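Written out below as structure tokens is the structure these notes cover.
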Amino acid sequence: MKSPRNISEFILLGLSYDQNIQIFCSVLFLFSYVALLAGNLLILVSIRLSPLYHQPMYYFLSHLSSMDICYTSMVTPKLIADLQRGTKTISYGDCMLQLFAVHFFGGVEIFILTAMAFDRYAAICKPLHYVIIMNRTRCHLLVLAAWAGGAIHAFPLFSTAIGLPFCGPNEIDHYFCDIFPLLKVACTDTYITGILVIAFSGMVALVTFIVLSVSYGIILFTLRNLSAEGRRKALSTCWSHITVVVLFFGPVIFIYLRPPTTFPEDKIFALFYTIIAPMFNPLIYTLRNLEMKKAMKKVWCPSLFPKEAHS
């Protein structure tokens, strides 16, 4: 049966009612979004045009950059436009599409981060078998599994949201359409539905975070057997991965792994995984990565590497 719905659009309450704060946030997020696009596109193009693309770690990193762009682009441009215009409405169809896309791309990103952790585990803990373990076919399968995992994660949430009846208030206390704010304005008892969302979405984030933590714990423990140079190189990549994992999973677990309710702080925490973490990912992955910086110089400044250009 079709759920009763007599509204055609939602009103997003956004981050603040203060006009000055809205102007400041619009400029700040516009700068952040441009930096995010530039940084991730720089990484993406540099990897694709260099031999690094054939290395599993950078193959996964290129997919992570793609997901960062797709994921943030579903939220940030509209947020900036809403802050500048002052009108914060979104149609019912666009709201449902935004909810699905955010959880789909976010789910894919979670599983790509897991694949990157598996790659680092194989490289550091199983170095003699690394080439066999992380062959190109397995890398393709891991990325395909990440996309499948994102779809499996997003479709139940999308089905839940699209099945909700909306017949009264249409004000969503958030800056984008998400499942908990939608449950709050649905004209039905959503307690059981909220528990199912926690069990499915929150537990997925928690279990994945635990798996990643254990993996990196084993990796860091194994590093004691490496030489000083090998330990330094491995730590530079591992700490980058760990930083990204904490920035992304911390706020996600806070929001989705608790009783089905919303708090004003949720919007601030959501900024971390929708804008801040994707913006800092390029810096985190390139700042201490000599291979990445060298590849970027070869791609964008080929005149500095005349010999490599002719080889």
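None of the values given here were measured: they were computed from a predicted structure. Side chains included, hydrogens not; waters and symmetry mates left out as well; all remaining heavy atoms used.
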field: Partners passing side chain to side chain contact (heavy atoms under 4.5 Å, CB included) against Cys139 (at least two apart in sequence or in another chain)
entry: Pro56, Tyr59, Phe60, Met134
message: When you measure from the side chain of Asn40 to the backbone of Leu36, do you find a donor-acceptor pair of N or O atoms at a distance under 3.5 Å?
response: yes
- request: Under the side-chain hydrogen bond (donor to acceptor under 3.5 Å, both in side chains) rule, what do Asn135 and Tyr130 come out as? Steps first, then yes or no, please.
  value: CA-CA 8 Å; Asn135 58 65; Tyr130 176 69; over 6 Å; no
task: Only pairs at least two apart or in different chains count here, so list each salt bridge (charged side-chain N to carboxylate O under 4.0 Å, His left out) that has a residue in residues 125-152.
output: none
message: Regarding Tyr58 and Ser50, do their side chains bring together a donor and an acceptor under 3.5 Å, going by distance alone?
response: no
- prompt: Does a side chain donor of either Asp94 or Ser91 reach within less than 3.5 Å of an acceptor in the other side chain?
  reply: yes
message: So, using salt bridge (Lys or Arg N to Asp or Glu O under 4.0 Å) as the criterion, who are the partners of Arg48 when residues are at least two apart?
response: none
message: Looking at every heavy atom in both Leu15 and Lys267, which two are closest together, and how far apart are they?
response: CD2-CB, 3.9 Å
task: Might you point out which heavy atoms bring His153 and Gly107 nearest each other, and give the distance in Å?
output: CD2-CA, 4.3 Å
- request: Please state whether the rings of Tyr273 and Phe248 are parallel, tilted or perpendicular, taking 30° and 60° as the class boundaries.
  value: perpendicular
Mind listing the side-chain donor-acceptor pairs of residues 77-86 below 3.5 Å, one per line with the distance, residues two or more places apart or on another chain?
| residue | atom | partner | partner atom | Å |
| --- | --- | --- | --- | --- |
| Lys78 | NZ | Asp82 | OD1 | 3.1 |
| Lys78 | NZ | Asp82 | OD2 | 3.3 |
| Lys78 | NZ | Thr89 | O | 2.9 |
| Asp82 | OD1 | Arg85 | NH2 | 3.3 |
| Arg85 | NE | Thr87 | OG1 | 3.3 |

field: Partners meeting ring-ring contact (aromatic ring centres under 6.0 Å, His included) with Phe29 (sequence neighbours left out)
entry: none
Would you mind writing out the side-chain donor-acceptor pairs for residues 156-170 within the sub-3.5 Å range, not counting sequence neighbours?
| residue | atom | partner | partner atom | Å |
| --- | --- | --- | --- | --- |
| Ser159 | OG | Phe155 | O | 2.9 |
| Thr160 | OG1 | Pro156 | O | 2.8 |
| Asn170 | ND2 | Glu9 | O | 3.0 |

- prompt: Between the side chains of Thr222 and Tyr121, does any donor sit under 3.5 Å from an acceptor?
  reply: no
